[in-house]
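The structure appears right after this line, and notes come after that.
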Amino acid sequence: MSGRARLTVCAWAATLMASCALLPLVEPATWIFQAAFLLGVVSVVGSAARRVPLARPLTVAAQALVALLLLTVVFARGQALAGLIPGPEAFARFAELLRQGGDDIARYAIPAPLESDGIRLMLVGGVLVIGLLVDTLAVTFRSAAPAGLPLLALYSVAAGLSDGAADWLWFLVAAAGYLMLLLAEGRDRLAQWGRVFGGAPRTPGAEPGGAVAPCAPAGASAWWYWASPSSCRSPCRR
């Protein structure tokens, strides 16, 4: 596996590990499998765009477009053109679901039921947005350290909504994902650091510059040897 592919997988995993802090908010927790699949598709699209390679802004735009299409298929297929392309009706459906999700959050106690499409859109869409930011920073722009900010924002929202005693456990899971991402980036940078330049091996007694002293012509007398410069008195290499 190449270094960039390893970074892509680690960015995907780090986002999902930080998303685990949202698990106590909703029952059942099956939404995270849907979010993992959709985020995996977005990550694969980004990996393919970087392999082409596309410019960085185009890579991010392609991933954002695919994420929008996926959300349209899952949540607004009946209002989309050909069940895929979002139009005005699809965006109106998104707005309606987000408004419904906000009302359900205010009405239900934690854990809220997952049967609400508005809450599910908030969870899955939020994970996709955070995952896209993490993938953009850590993989596309090769800077994993700032990718901790969207991960921290995701965990902070979940910790602010839930008031459970297991918050420290989800913090450790999110922190482990972030450290895994940093280690993957460090390994990738270390693998690309420096190159080994090979050259012809130097024989004992050879000149540092690789120059070979001229040989005395055949039949030269001893007078030529003593009259020549000292550099010419070294043994000849045949």
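This one's a predicted model, so the numbers in the text were calculated from it and none came from an experiment. Both backbone and side-chain heavy atoms feed into the values below; hydrogens, waters and symmetry mates do not.
- Counting only residues at least two apart or on different chains, the salt bridge (charged side-chain N to carboxylate O under 4.0 Å, His left out) pairs with a member in residues 100-111 are Asp104-Arg107.
- Atom CG of Leu151 sits about 7.5 Å away from atom CD1 of Ile130, to the nearest 0.5 Å.
- Here the side chains of Trp12 and Asp135 are not in contact, with every heavy-atom distance at 4.5 Å or above.
- Hydrophobic clustering (ILVMFWY, side-chain heavy atoms < 4.5 Å, transitive): Val129 and Val74 are in distinct clusters.
- For the side-chain contact (heavy atoms from CB on, under 4.5 Å) with Leu123, the lone residue among Ile119, Val127, Leu121 that qualifies is Ile119.
- The side-chain contact (heavy atoms from CB on, under 4.5 Å) with Thr140 is formed by just one residue from the set Thr59, Leu7, Thr8; it is Thr59.
- The hydrophobic cluster containing Leu70 also contains Phe33, counting ILVMFWY residues as joined when their side-chain heavy atoms lie under 4.5 angstrom apart, directly or transitively.
- A distance-only check finds no donor-acceptor pair linking the side chain of Ser47 to the backbone of Ser43 [under 3.5 Å].
- Residues Arg4 and Asp188 fail the side-chain proximity criterion, which asks for heavy atoms closer than 4.5 Å.
- Between Pro111 and Leu25, every side-chain heavy-atom pair lies at or beyond the 4.5 Å cut-off.
- Across all non-hydrogen atoms, the minimal contact from Leu128 to Leu38 is CD2-C, 3.8 Å.
- Neither Leu54 nor Val66 shares a network with the other; the hydrophobic side chains, linked directly or stepwise wherever heavy atoms of I, L, V, M, F, W or Y lie under 4.5 Å apart, form separate groups for each.
- Nearest heavy atoms, Pro24 versus Trp170: CG-NE1, 3.4 Å.
- Checked against a 6.0 Å centroid threshold, the rings of Phe94 and Phe75 do not count as neighbours.
- By the neighbour-count criterion of 12 heavy atoms within 6.0 Å, atom CZ of Phe37 is sparsely surrounded, having that number or fewer from other residues, nucleotides or ligands.
- Side-chain contact between Arg50 and Arg56 is absent, with no heavy atoms from C-beta onward closer than 4.5 Å.
- Nearest approach of Ala144 to Tyr178, heavy atoms of both residues: O-CE1, 3.7 Å.
- Nearest heavy-atom pair across Ser19 and Thr15 is OG-O, 2.7 Å.
- In this structure, Cys10 and Leu181 have side chains that are in contact, with non-hydrogen atoms separated by less than 4.5 Å.
- Once rounded to the nearest 0.5 Å, the distance linking CE of Met122 with CD of Gln100 reads 9.5 Å.
- The two atoms that bring Pro86 and Thr72 nearest to each other are CB-OG1, 3.5 Å, heavy atoms only.
- To the nearest 0.5 Å, atoms CG (Leu22) and CG (Leu161) are separated by 8.0 Å.
- Of the options Leu132, Leu68, Val44, Leu58, a side-chain contact (heavy atoms from CB on, under 4.5 Å) to Gln63 is made by Leu132 and by none of the others.
- Hydrophobic clustering places Val157 together with Ile110 (ILVMFWY residues linked when any side-chain heavy atoms are closer than 4.5 Å, directly or through intermediates).
- Atoms CG and CG, on Leu154 and Leu133 in that order, are 10.5 Å from each other to the nearest 0.5 Å.
- Of all the heavy atoms in Ala158 and Ala21, the pair that sits closest is CB-O, 3.4 Å.
- Summarising the geometry, atom CZ belonging to Arg93 is positioned 13.0 Å from atom CG belonging to Leu71; distances are rounded to the nearest 0.5 Å.
- Under the 4.5 Å side-chain contact rule for hydrophobic residues, Leu69 and Val60 do not share a cluster.
- Atom CE of Met17 and atom CG of Leu172 lie 10.0 Å apart (nearest 0.5 Å).
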